[in-house]
Asks: 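Please see the structure below; I have some questions.
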Amino acid sequence: MEERIQRGETEHIEAKDIKKRDIKSMTLAELTEEMVQIGEKPFRAAQIYQWMHEKLADGFDEMSNLSKGLRETLKERYSCPCLNLVDVRISKIDGTRKYLFGLEDGNVIESVWMQYEHGNSVCISSQVGCRMGCKFCASTLDGLERNLAPSEMLDQIYQIQKHTGERVSNVVVMGSGEPMDNYDNLIRFIHLLTGEKGLHISQRNVTVSTCGIVPRMYQLAEEGLSITLALSLHAPNDEVRKTLMPVANAYHLDDVLKACQNYFEKTGRRVTFEYSLVQGVNDNLDEAKALARLLKHMHGHVNLIPVNPIKERDFVQSDRRAVMNFKNYLEKNEINVTIRREMGRDIDGACGQLRKRYLDETRSSDKMQKDKL
Ligand code: SAH
């Protein structure tokens with residue numbers, strides 16, 4: 001293709017070579033502009049937008065108040081990414097559902113649906129794979145494949161709402177991927193998700209979790225959003241943090257916490273500090289003491305997560321007594337702390353585990369096929 005362009009043969013590039021634009025990631029204003037440009041009435045944009053983001057249509061064919069001609073034009077010019085359900089596992093313990101979705105390019109991602117007293121929550125992936133390399137996390141074992149488009153982040157919620165028949169009220173961007181590593185798409189996704197004309201989920205019910213990419217945390221504080229920021233802390237000092245999270249080599253903890261403080265000052269939103277407890281690594285009383293000192297003047301709360309062991313690593317979950325001691329120490333020192341309820345323990349609950357297992361299984365069956373040939 002490049003050679004052809006150099007020879008000035010661009011006119012021979014066939015239409016199918018040009019990637020169709022993703023209509024589901026467009027804002028209503030952009031879509032309106034787009035309709036005007038193709039000679040349609042502006043109100044068509046509102047109709048199409050409503051089909052995609054309120055009626056949760058799975059493609060142009062469902063848009064029954066558009067003429068057949070317009071539907072064909074839309075199909076020719078735009079893509080309307082929809083996920084297909086590859087697998088769903090439902091926990092017998094707590095009803096949590098873990099979804100494996102297929103993307104149009106054949107990649108798979110996972111999302112989780114959880115029921116709480118305050119409503120239904122969906123945990124979405126922001127990337128296919130991840131390049132952050134956190135030692136206890138299954139999502140990162142095969143590295144980063146690609147970023148997800150805003151439409152692909154949205155459609156995880158849309159498909160789950162259709163599958164469960166229940167309204168989703170909370171969204172956490174805590175599945176596979178590092179949202180700050182896919183920043184522009186993340187911000188667009190949040191606007192589409194919380195905008196009046198879509199699912200209209202309250203920004204206060206949206207949480208974005210980051211391993212601590214400092215410049216992006218400052219940028220997020222300036223977006224004028226009222227979402228919650230969660231920081232994956234996992235250690236009270238750089239030394240231990242570096243053993244668990246390679247990103248700690250790039251940003252010092254002091255600077256990460258300054259970025260959290262700035263987020264609170266700019267948005268008024270308290271930060272959540274996630275701390276996965278790993279036996280013998282970050283769960284003893286000295287670490288609890290150091291953590292209490294570190295967070296003494298921070299506006300936020302600590303969410304303790306007993307680490308969910310993955311088979312590729314030999315990390316062990318802290319036992320119940322260590323978790324309680326850790327929690328009690330923080331409480332005595334006036335740090336707000338909760339223990340994350342483990343959801344869907346019987347269905348590969350940890351981030352990226354279901355996808356990883358699926359990939360391993362398909363790879364080994366591919367290999368078996370090849371071996372047979
Ligand atoms: N990349 C983002 C969001 C995805 S991970 C981040 O780092 O925050 C969401 C949370 O789950 C993070 O706090 C992550 O450290 C944690 N996590 C990942 N795998 C885990 C496991 N096996 N056990 C416990 N927590 C895990």
Side-chain angles (χ1 to χ4, degrees), residues 98 109-112 114 121-145 147-148 153 156 171-183 185-186 189 206-214 216-217 220 227-235 240-248 250-251 253 256 259-260 263 271-279 281-283 300-318 323 326 338-345 347-357:
K98 191 117 194 189
I109 52 169
E110 58 181 69
S111 329
V112 188
M114 291 159 286
S121 185
V122 169
C123 174
I124 65 151
S125 294
S126 55
Q127 296 179 312
V128 183
C130 181
R131 60 178 176 147
M132 294 300 138
C134 297
K135 293 288 189 287
F136 44 78
C137 179
S139 304
T140 202
L141 290 168
D142 292 322
L144 175 68
E145 189 67 40
N147 284 330
L148 290 183
M153 293 191 236
Q156 297 172 55
V171 172
V172 294
V173 188
M174 283 191 186
S176 298
E178 168 52 47
M180 299 295 191
D181 193 30
N182 186 14
Y183 187 84
N185 286 343
L186 171 79
F189 156 76
V206 176
T207 298
V208 171
S209 177
T210 179
C211 60
I213 300 185
V214 170
R216 295 300 194 193
M217 293 165 72
L220 188 69
I227 59 170
T228 301
L229 178 67
L231 172 74
S232 296
L233 185 57
H234 304 321
V240 177
R241 203 162 183 260
K242 280 179 192 171
T243 67
L244 294 170
M245 307 171 72
V247 70
Y251 303 108
L253 202 42
V256 178
C260 291
Y263 190 82
V271 175
T272 300
F273 298 102
E274 291 160 278
Y275 196 103
S276 299
L277 287 160
V278 189
Q279 193 175 83
V281 175
N282 63 0
D283 68 340
H301 87 277
V302 175
N303 199 202
L304 295 175
I305 316 162
V307 80
N308 206 333
I310 56 173
K311 74 173 182 346
E312 291 80 1
R313 302 269 190 266
D314 43 16
F315 289 123
V316 177
Q317 195 172 77
S318 304
V323 175
F326 205 95
T338 44
I339 300 178
R340 165 105 48 97
R341 236 173 80 206
E342 268 187 280
M343 305 289 273
R345 216 165 356 109
I347 50 166
D348 281 344
C351 196
Q353 273 194 109
L354 186 58
R355 170 174 180 266
K356 175 79 180 127
R357 179 190 293 206

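Counting starts at 1 for both ligands and their atoms, in listed order. By convention here, the first residue in the shown sequence is residue 1.
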Asks: Which is closest to atom 10 (C) of ligand 1 by heavy-atom distance: E274, Q127, R340, R313?
Replies: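 Result: the heavy atom closest to atom 10 (C) of ligand 1 is in E274.
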Asks: Would you give the length of the straight line joining atom NZ of K135 to atom CE of M245, rounded to the nearest 0.5 angstrom?
Replies: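 Those atoms lie 10.5 Å apart.
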Asks: Can you tell me if G177 has a non-hydrogen atom under 4.0 Å from ligand 1?
Replies: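 Flag set, G177 near ligand 1.
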Asks: Under 3.5 Å, is there a donor on one side chain and an acceptor on the other for S125 and E110?
Replies: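 Checked: S125/E110 side chains show no N/O donor-acceptor pair below 3.5 Å.
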Asks: May I ask you to list the atoms of ligand 1 that are less than 4.0 angstrom from any heavy atom of C211?
Replies: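 Once the distances to C211 are compared, the set is 6 (C), 7 (O), 8 (O).
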Asks: Does a donor on one side chain and an acceptor on the other come within less than 3.5 Å for Q127 and N182?
Replies: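 Looking only at side-chain atoms, N182 and Q127 do not form any donor-acceptor pair under 3.5 Å.
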Asks: Just distances here: any N/O of F136 and N/O of ligand 1 closer than 3.5 Å?
Replies: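 Yes, at least one N or O pair falls under 3.5 Å.
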Asks: Given that the side chain starts at C-beta and the backbone is N, CA, C, O, which of these parts of C137 lies under 4.0 Å from ligand 1, counting heavy atoms, or is it both or neither?
Replies: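 Both backbone and side chain.
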Asks: With rounding to the nearest 0.5 Å, note down the distance linking OG in S209 to CG in N303.
Replies: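 Rounded to the nearest 0.5 Å, the OG-CG separation comes to 10.0 Å.
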Asks: Does G175 reach ligand 1, in the sense of a heavy atom lying below 4.0 Å from it?
Replies: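 True for this residue.
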Asks: Hey, can you tell me if Y275 and F326 have their rings parallel, tilted or perpendicular (30° and 60° cut-offs)?
Replies: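 The arrangement is tilted - the two ring planes meet at 30° to 60°.
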Asks: Provide the number and element of each atom of ligand 1 under 4.0 Å from a heavy atom of S232.
Replies: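 In order of numbering, the contacting atoms are 6 (C), 7 (O), 8 (O), 12 (C), 13 (O), 15 (O).
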Asks: Say whether, by atom type as modelled, one donor and one acceptor occur between the side chain of T140 and the main chain of G133 under 3.5 angstrom.
Replies: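 Confirmed, T140 side chain pairs with G133 backbone.
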Asks: If the cut-off is 4.0 Å to any non-hydrogen atom of T210, which atoms of ligand 1 fall inside it?
Replies: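 Answer, ordered by atom number: 6 (C), 7 (O), 8 (O).
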Asks: Distance under 4.0 Å to a non-hydrogen atom of N308: what atoms of ligand 1 satisfy this?
Replies: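 Once the distances to N308 are compared, the set is 21 (C), 22 (N), 23 (N), 24 (C).
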Asks: Can you name the atoms of ligand 1, numbered from 1 with element, that are less than 4.0 Å from a heavy atom of V307?
Replies: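 It comes down to these atoms of ligand 1: 23 (N), 24 (C).
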Asks: Taking non-hydrogen atoms only, is L231 closer than 4.0 angstrom to ligand 1 via side chain, backbone, both or neither?
Replies: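 Neither; no heavy atom under 4.0 Å.
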Asks: Can you tell me if T210 and E178 form a side-chain donor-acceptor pair at under 3.5 Å?
Replies: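 A donor-acceptor contact under 3.5 Å links the two side chains.
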Asks: With atom 9 (C) of ligand 1 as the reference point, say which of H234, M174, K135 has the nearest heavy atom.
Replies: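 Minimum heavy-atom distance to atom 9 (C) of ligand 1 goes to M174.
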Asks: Can you tell me if R241 uses its side chain to pair, donor with acceptor, with the backbone of L233 under 3.5 Å?
Replies: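 Yes; judged by distance alone, with no hydrogens or angles, the pair exists.
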